[in-house]
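All remarks here apply to the structure that follows.
Basis for what follows: all heavy atoms, side chains included, without hydrogens, waters or symmetry-related copies. Just so we're on the same page: letters track the sequence lines, and every chain starts at 1. Source: prediction; values computed, not measured.
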Amino acid sequence: MSKKRYLGLGALVLVFALIAAACGGGGGGGGTSAQGNAGNVKKGGTFRVATEDFGFTGAFDPTDEYLGEAWGMYTNMLVRTLLTYKHTAGPAGNVLVPDLATSVPQPTDGGKTYTFHLKNGIKFGPPVNREITSKDILYAFQRIACKTCGAEYGFYYSVIKGLKPGAMPGDPGKIKIPGIETPDDKTIVFHLTQPTGDFLYRLAMPATGPIPQEVAHCFTKAGDYGRYVISSGPYMIAGSDKLNIKNGCSGMKPISGYQPSKELDFVRNPNYDPSTDSPDVRANYVDGVTITIDTNTKDIWNKVQQNALDGEISHIQPDTLAQYQSNPDLKKNLHINSGDRTWYITMNLTQPPFDDIHVRKAMNYVIDKQALRKAWGGPASGDIATHIMPPTMTGGHPTAAEYDPYKTPNDQGDVQKAMAEMKQSKYDTNHDGKCDASVCKRVLFLNRGDNPTWTNMEPTVVADAKKIGINLVPRELATSAAYTTLQTVNKNIPISLVPGWGKDYPDPYTFVYTLFHSSSILCQGNVNYSLVGLTPSQAKECGVKGDISNVPSADKELDKCEPLTGDQRTQCWVAADKFIMEDIVPWVPYLWSSVIQATSDAVTNFDFDQFSGTWAYSKIAVDPSKQQ
Amino acid sequence: MTRYVIRRLLYVILVILVITFISYVVFFLMPSGNPAVQFAGKSPTKALIHQIEKQFGLNHPWYVQYGIFVKHLFLGDQYGWPGFGESYNTREPVKNELFSRAWVTFQLAVGAAVVWLAMGIPIGIVSALRRRTLIDRASMGFALFGVSAPVFVLGLLSLWIFWQHLRILPGTGYTSFSSNPAEWFLQFLQPWVVLSLLFAAFYARMVRGNLLETMSEDYIRTARAKGLPERRVVFKHGLRASLTPVVTMFGMDFGLLLGGAIITETVFNLPGLGTYVVQAVNDQNLPAVVGVVVLAAFFVAFFNLVVDILYAYLDPRVRYS
Amino acid sequence: MSQTQVPEPLVTSEATHGEPLVSVENLTKHFPVRRGIIFQRQVAAVQAVQDVTFSIYPGETLGLVGESGCGKSTTARLIARLLNPTSGRIVFDGQDITKLSSRRMRPFRRDIQMIFQDPYASLNPRQSVGQIIGAPFAIHHTEGDTRKRVRDLMDRVGLNPEHYNRYPHEFSGGQRQRIGVARALALRPKLIICDEPVSALDVSIQAQILNLLEDLQDEFNLTYLFISHDLGVVRHISDRIAVMYLGHLVELATADELYERPRHPYTAALLSAVPKGRAGARVTNRIVLQGDVPSPVNPPSGCPFHPRCPKARLVGNGEVPENCRNELPPLGEVETNHVAACWYPLEPGEELERMAHA
Amino acid sequence: MAETLLEVKDLKVQFDTPDGVVKAVDGVSFTVERGQTLGVVGESGSGKSVTFMTVMGLIAGNARISGEIIFEGRDLLKLPPAEVRAIRGDGMGMVFQDPMTSLHPMYRVGDQIVEAIRAHRDIDRKEAWDMAVEMLRKVGLPRPEERAKDYPHEYSGGMRQRAMIAMAMVLNPDLLIADEPTTALDVTVQAQILELMEQLKSEYNCGVVLITHDLGVVADVSQKVMVMYAGRAAEYGTRDQVFNTPLHPYTWGLLESIPTVERRVERLVPIEGTPPSLINPPRGCAFHPRCPHRFEPCDGERPELEMRGGDHPDACYLAIEDKRRLWAEREQRRQKEPA
């Protein structure tokens with residue numbers, strides 16, 4: 001038995017214990033997050049996954065791509081970054097480890113300078129085949145700054161001196177970024193404008209991974225590089241080696257292994273040197289991963305059960321979930337993990353009756369969260385949310401039980417408490433606990449119309465709101481249209497069941513700051529749906545109709561946390577969460593959803609990538625003899 | 001005839017223009033979202049949205065976009081002729097995808113057509129000739145079943161039986177003929193049969209009805225009066241006249257089917273035009289949607305034309321000027 | 001007032017007196033034949049009715065005969081304004097109705113009714129007989145008890161009024177034609193255009209309907225335009241008869257005059273072709289006309305009948321005379337009360353020899 | 001003595017329908033001789049067409065047929081279907097009413113005739129085609145070599161009927177059955193067709209059955225006439241017998257109710273009432289409810305077609321003197337009317 005495998009097994013045991021602890025708090029699905037039998041874990045085989053639609057937001061271009069599933073593929077297989085995660089489940093999977101860098105550095109210059117040294121022997125995959133240098137990482141940042149490249153989360157890097165994300169014209173290779181220095185091929189230094197406690201997390205995001213300019217300079221429009229991605233990781237897109245880079249841009253034909261509406265295939269990258277990596281981070285059991293598109297959800301799950309697929313990237317339907325839970329043979333192949341994601345009802349602070357905090361609090365009391373979770377498929381679908389951030393984001397605490405400001409019996413809602421809140425509202429003139437103002441007669445309620453989970457939740461919300469005198473008028477739109485509508489401020493949507501939010505990286509900044517800071521309000525594509533901290537000028541610019549005089553702000557509480565680091569930082573965010581839940585009350589959070597995955601019998605080792613909330617591809621092992 | 005064909009081809013172009021125009025109007029008047037916002041990820045900035053809109057050409061008024069689309073369609077774009085543009089969410093040229101999927105749909109449609117004609121016509125003939133017998137009733141019972149059973153139910157049932165339980169046929173998906181002819185055939189077998197059942201039933205009823213009607217025509221009586229054997233009366237005189245409308249119907253059905261068999265393709269996970277258009281609509285991928293619309297409209301109009309021309313050969317009374 | 005000069009040499013009978021109820025002057029109807037890739041150009045015309053002039057007097061029956069395609073039904077539809085004429089004039093009851101809009105035509109629609117050949121096809125199978133006959137009352141908003149008036153009408157045309165609620169399929173062919181007659185009669189029209197009203201009926205029923213039409217004419221002082229290809233029927237019912245050939249009016253005379261002394265060779269050929277039944281011995285000198293009627297899209301020059309005319313060949317010793325080939329003969333008086341459009345009309349009593357087959 | 005081609009004895013044809021048994025032909029007997037035309041007159045539903053469709057063997061399988069149909073010495077009702085088929089189109093030809101619909105619209109006229117030839121003669125296509133063209137020439141089609149290649153819709157109505165006749169006559173049958181051959185045609189074309197049939201009859205020396213509702217046509221070309229009413233023969237005699245001394249009141253009614261071109265009567269004398277139901281025909285003489293001369297026995301026993309003192313058989317209970325008197329009175333009334 002090799003030492004490597006022994007180490008891998010040890011890691012797995014540790015992960016198992018941690019996840020068991022994490023799941024225990026929720027009393028959720030009771031599945032396992034990692035499974036494995038050391039005797040069966042062999043290298044080789046292909047891990048076969050299907051999805052209804054890739055759903056890529058940036059056409060799989062690492063500079064742009066903002067989809068968690070894509071991040072899982074990048075970080076496990078295709079794109080190495082200065083720092084990364086261990087690609088495992090639970091809080092352990094949220095810990096930064098060095099990847100391209102030799103170590104995780106401490107900031108200098110009062111938290112404003114970070115210096116990295118690169119490992120030797122890490123090469124780009126074919127056909128580039130050369131050692132990765134600090135310039136390749138700089139080029140990734142130049143693309144983030146580039147005006148045409150379409151970087152979707154460039155705002156995280158605006159703390160770097162002189163980097164104006166998505167705003168710097170011209171060839172990205174020629175963009176000057178004073179805040180990034182590459183004194184030699186193996187060193188890169190970042191200078192920030194202000195201390196930023198979570199900056200290291202941002203360097204583990206795929207957009208910062210090295211990009212070979214000799215290929216990517218041909219693809220400087222949003223999403224264009226997606227079909228030409230050159231690997232720096234253990235796998236590459238099948239057919240990458242056939243990419244012709246000799247005849248300039250016109251000679252390059254898209255890599256054959258990626259057909260955006262059919263499939264995406266990964267094979268081993270011959271230039272990958274395992275000695276530059278750690279089996280804790282990437283074990284790379286399988287020889288390849290194929291991800292195919294199957295528009296028929298039922299068919300995907302059928303095929304997993306038939307061992308014709310080994311996994312899925314698909315939202316499980318409640319009936320399939322019930323089937324899995326009632327059948328022990330299937331249940332052992334079901335994996336439930338925290339998704340670091342909160343689902344909530346958002347209330348617009350500028351729209352009556354939700355411009356009154358008592359109404360918002362009353363809503364928090366009156367909603368039957370158990371009923372909503374039932375529509376999702378019951379306890380397996382996640383823990384009932386009692387505040388903004390899932391506990392995994394803040395080191396496991398406070399749990400739902402530890403902090404539940406609007407506690408109701410068995411989370412089924414409490415009409416008495418709700419009515420007591422409502423009595424204090426200006427919209428309840430006769431103080432009977434029910435809204436009697438005309439504004440409550442018809443309140444537009446935006447929902448998804450193309451998903452049974454949401455349409456099944458709708459009657460609960462409508463009926464509960466009615467108990468405190470609010471008549472919700474549902475308006476159902478297809479999910480994408482519903483999001484676009486909700487994200488357009490001048491639509492002035494008062495209340496909606498549409499949204500959920502997941503982390504970008506394991507720091508609460510990506511949760512509470514992005515969602516509630518006034519600077520995050522955008523007229524289009526806005527995600528601060530409640531308009532917390534809305535300024536009069538923003539209101540005017542975006543066409544807000546309604547009373548903005550009572551819109552509270554959390555900017556002060558949020559700004560306070562950003563420079564901090566360590567436990568201090570975590571506690572600051574937890575305080576901000578409490579402040580928002582009690583003094584602003586923009587949401588009724590109802591679910592911290594799990595990620596539910598199913599594997600076939602052929603999967604001999606499973607792990608979950610906590611960072612991306614998807615498959616830890618680099619830890620999956622299969623037994624080809626069991627594949628159909 | 002040539003003038004007629006030219007006129008009809010011009011008409012095909014007109015149909016495509018009208019239908020794509022409607023697609024554009026619907027797309028831009030629908031309260032749906034902005035594809036650029038969707039492309040821009042979960043916290044898009046205004047600048048990014050503008051940038052993407054520019055790259056997609058969404059910054060122009062919709063009628064200008066339509067004009068550009070028409071220009072590209074007829075004159076070609078950077079990916080050649082006909083220009084279908086670039087997919088909003090994958091940045092690949094719609095044309096390649098469209099053609100590769102049209103080929104899959106074509107294989108599905110041709111196979112299904114063979115099956116449904118091979119089933120529908122003989123059943124129709126037998127039940128017309130053996131009217132009010134057990135065979136007739138059984139065939140019409142089958143027809144009723146075929147017409148009323150939804151394709152997705154039949155499809156799932158078929159998969160459950162032949163793939164999950166009996167394991168004699170492969171599951172869903174697409175294998176190209178060149179890569180594995182046997183697998184190709186087996187894999188297409190279920191979608192062909194399931195899709196064809198609906199049509200077979202319909203065609204059986206139609207053939208039966210037409211043949212019954214034709215067999216009461218005066219010229220059938222004439223044929224019998226000539227002393228022709230009954231088989232010749234039925235197959236030469238009766239069928240000839242009663243299959244002509246079937247040809248028309250077939251052309252229209254086939255053309256329509258080439259535009260994508262959405263449910264069958266979805267159930268059997270075939271990468272055809274039907275699944276493509278569903279994906280495209282979900283993703284608000286206008287160029288892909290319009291591409292499928294153009295192709296579907298073309299197929300329908302084209303096969304209508306083929307049918308009309310064929311009709312003139314089948315029925316000498318029909319002449320076009 | 002608008003009664004301008006009628007070019008028709010007046011053919012009268014005892015039934016014709018006073019002002020005509022209907023005059024058509026130079027009535028012409030061409031159906032265009034179009035062709036083109038996008039814009040359709042007219043490349044030819046079916047000359048269905050060509051320069052037809054005649055009058056119908058109150059209380060008389062004008063018969064209109066000719067073979068299929070001669071334009072007799074088109075003429076009827078033009079008079080009923082179901083078609084718009086290409087040129088010419090239609091004067092009804094002293095008023096020019098040629099170009100009246102459908103709204104201004106409405107009062108005249110009451111006065112002009114039609115009876116069709118196929119009684120079943122012209123009756124709505126989903127309406128009861130009462131509804132069918134009562135429909136004209138409803139359309140023209142007449143006052144009074146519709147139900148009673150319908151029952152009276154049914155009684156008058158020989159239908160059992162108790163069958164008010166029955167549907168057309170429950171009646172025989174003759175009864176259905178009675179329904180058609182009752183419907184036409186409902187609004188007490190001045191003119192009834194009968195388009196082959198008895199052709200689809202069994203012989204024993206034909207006579208019943210013909211007698212009914214005659215009785216109703218006397219009772220309500222109706223004027224008939226009676227179209228039929230059955231020369232016996234036309235002779236029986238008509239006061240005067242017009243003969244049409246290839247869109248042209250070729251002869252017009254009183255019924256007996258026309259049948260006993262036909263002057264146009266076509267009329268003579270037509271009459272001689274009719275089997276004589278028991279009255280005559282075996283007819284041996286039938287004028288068997290050669291060939292078929294020419295196409296109305298491309299009619300012959302000159303006299304439309306000249307390619308088939310036995311008389312023309314007789315006159316020209318086997319050759320068709322020049323004027324027959326090139327000039328259209330005008331409708332001229334050949335005798336008092338008798339007009340014909342022929343350069344060489346038959347003399348009274350002249351019998352045409354049977355033409356040998358070419 | 002003329003050779004008897006066809007002898008039909010007591011033919012009955014009944015159809016089962018949901019409403020009851022339709023007695024379409026209810027005991028009909030007659031003969032057709034070589035060189036002779038039998039005119040069969042009657043209104044719709046009189047059974048005239050069904051009788052001869054039965055003779056041709058073209059009646060659908062659900063009919064019940066009894067009696068004898070002896071054609072050239074063999075009873076067709078007892079022959080196996082294959083042999084009847086061999087006679088059909090060869091020994092007997094048939095022409096139908098509507099030439100517009102009786103030819104197959106999708107085959108060339110020449111081919112349709114060729115098919116008729118080759119169904120009975122073992123000759124090659126070329127030879128059959130030449131025969132077809134020759135026959136088309138014989139029926140008076142101009143340019144038959146070219147017109148044989150045309151489709152029926154390119155023919156006028158008269159030409160189509162000529163083509164139908166050519167098809168029926170091309171194998172020189174002994175018997176030609178023409179079912180309303182001129183009803184759909186214009187009068188001048190009708191004359192041409194009747195002429196043609198006469199000519200072919202004398203040329204081929206065959207027997208002809210002419211089924212029509214038009215008494216004028218029958219009078220013109222028939223040697224013998226059978227008047228049918230409600231599935232039976234009302235009277236049956238030579239042309240002169242039936243037209244000059246008709247014995248059955250129904251025949252009288254027919255003759256009087258038809259307006260003719262030769263003379264005009266002041267008022268037509270219609271046959272009152274409507275034709276009877278064939279499912280529940282009136283008792284006794286089927287015509288009696290419409291008959292102005294009905295008396296005691298008419299609604300009792302059914303009168304058979306037999307010699308009843310006149311010069312030809314009829315099926316009316318009136319005494320022969322009464323028949324002669326009544327017909328004379330009617331004739332007088334007609335003559336009196338001003339012409």
- Query: What do you reckon, is CH2 of B:W160 surrounded by more than 12 foreign heavy atoms closer than 6.0 Å?
  - Reply: no
- Is chain B contacted by the side chain of A:A167, its backbone, both, or neither, given a heavy-atom distance below 4.5 Å? neither
- Message: Heavy-atom pairs under 4.5 Å with chain B - which of A:A59, A:S261, A:G150 has more of them than the others?
- Response: A:S261
- Item | Exercise: identify the closest heavy-atom pair between B:E92 and A:R227 | CB-NH1, 3.3 Å
- Of the backbone (N, CA, C, O) and the side chain (C-beta and beyond), which part of A:Y258 lies under 4.5 Å from a heavy atom of chain B, both, or neither? neither
- Item | Pairing residues for A:S537 by the side chain to side chain donor-acceptor pair (under 3.5 Å) criterion, not counting sequence neighbours | A:T535
- Message: Between A:Q305 and chain B, with a heavy-atom cut-off of 4.5 Å, which part of the residue counts as in contact: side chain, backbone, both or neither?
- Response: neither
- Name the region of A:I293, side chain, backbone, both or neither, that has any atom closer than 4.5 Å to a heavy atom of chain B. both
- Message: For B:F99, I'd like to know if atom CZ has over 12 heavy atoms of other residues, nucleotides or ligands within 6.0 Å.
- Response: yes
- Query: Can you check whether A:T148's main-chain N or O pairs, donor with acceptor, with B:Q55's side chain at less than 3.5 Å?
  - Reply: yes
- Query: What residue, out of B:L156, B:T90, B:N89, has the most heavy-atom pairs lying under 4.5 Å from chain A?
  - Reply: B:T90
- Message: Does any backbone or side-chain atom of B:S87 lie under 4.5 Å from a heavy atom of chain A? Answer side chain, backbone, both or neither.
- Response: neither
- Hey, which of A:D450, A:N302, A:T292, A:D64 has the most heavy atom pairs under 4.5 Å with chain B? A:N302
- Query: With side chains defined as the heavy atoms from C-beta onward, is the minimum distance between B:R91 and A:P260 less than 4.5 Å?
  - Reply: no
- Non-hydrogen side-chain atoms of B:R101 and A:K262 separated by less than 4.5 Å: yes
- Task: Please determine, among A:A478, A:G166, A:G223, the option with the most heavy-atom pairs under 4.5 Å with chain B.
- Result: A:G223
- Checked A:T488, A:N526, A:D504 vs chain B; the most non-hydrogen pairs under 4.5 Å come from A:D504
- Message: Tell me the closest heavy-atom pair linking A:D294 and B:T266, and the distance in Å.
- Response: OD1-O, 4.4 Å
- Query: For B:Q164, is it the side chain, the backbone, both, or neither that has a heavy atom closer than 4.5 Å to a heavy atom of chain A?
  - Reply: both
- With sequence neighbours left out, write down each residue that passes side chain to side chain donor-acceptor pair (under 3.5 Å) with B:S196, or none if nothing qualifies. none
- Criterion side-chain contact (heavy atoms from CB on, under 4.5 Å) on B:D283 and A:D53, from CA distance to verdict: CA-CA 9 Å; B:D283 298 341; A:D53 185 356; 3.0 Å; yes
- Does NZ belonging to A:K147 count more than 12 external heavy atoms closer than 6.0 Å? no
- Query: Which answer fits A:S520, side chain, backbone, both or neither, if we ask what part of it has an atom under 4.5 Å from a heavy atom of chain B?
  - Reply: neither
- Query: Which atoms of B:V37 come close to chain A, meaning under 4.5 Å heavy atom to heavy atom: side chain ones, backbone ones, both, or neither?
  - Reply: side chain
- Heavy-atom nearest pair, B:W163 first then A:A308, reads CZ2-CB, 4.1 Å
- Message: Does any part of the side chain of B:T172, heavy atoms only, come nearer than 4.5 Å to the side chain of A:N296, both counted from C-beta?
- Response: no
- Item | Heavy-atom pairs under 4.5 Å with chain B, option from A:E152, A:E52, A:Q524 with the top count | A:E152
- Note on the structure: Closest non-hydrogen atoms of B:P44 and A:G525, given as atom of the first, atom of the second and distance, are CD-O, 3.3 Å
- Flag the one option from A:Q628, A:K303, A:Q487 with the top tally of heavy-atom pairs under 4.5 Å to chain B. A:K303
- Message: Quick check on A:Q259 against chain B: is it the side chain, the backbone, both or neither that has a heavy atom closer than 4.5 Å?
- Response: neither
- Query: What's the verdict on salt bridge (charged side-chain N to carboxylate O under 4.0 Å, His left out) for A:E541 and B:K46, showing C-alpha distance, side-chain angles and the deciding distance?
  - Reply: CA-CA 12 Å; A:E541 188 198 346; B:K46 205 196 298 187; 2.8 Å; yes
- Side chain from CB out, backbone as N, CA, C, O: work out which of these in B:Y276 comes under 4.5 Å of a heavy atom of chain A, or both, or neither. side chain
- Message: Using side-chain heavy atoms (C-beta onward) and a distance below 4.5 Å, is B:R167 in contact with A:Q306?
- Response: yes
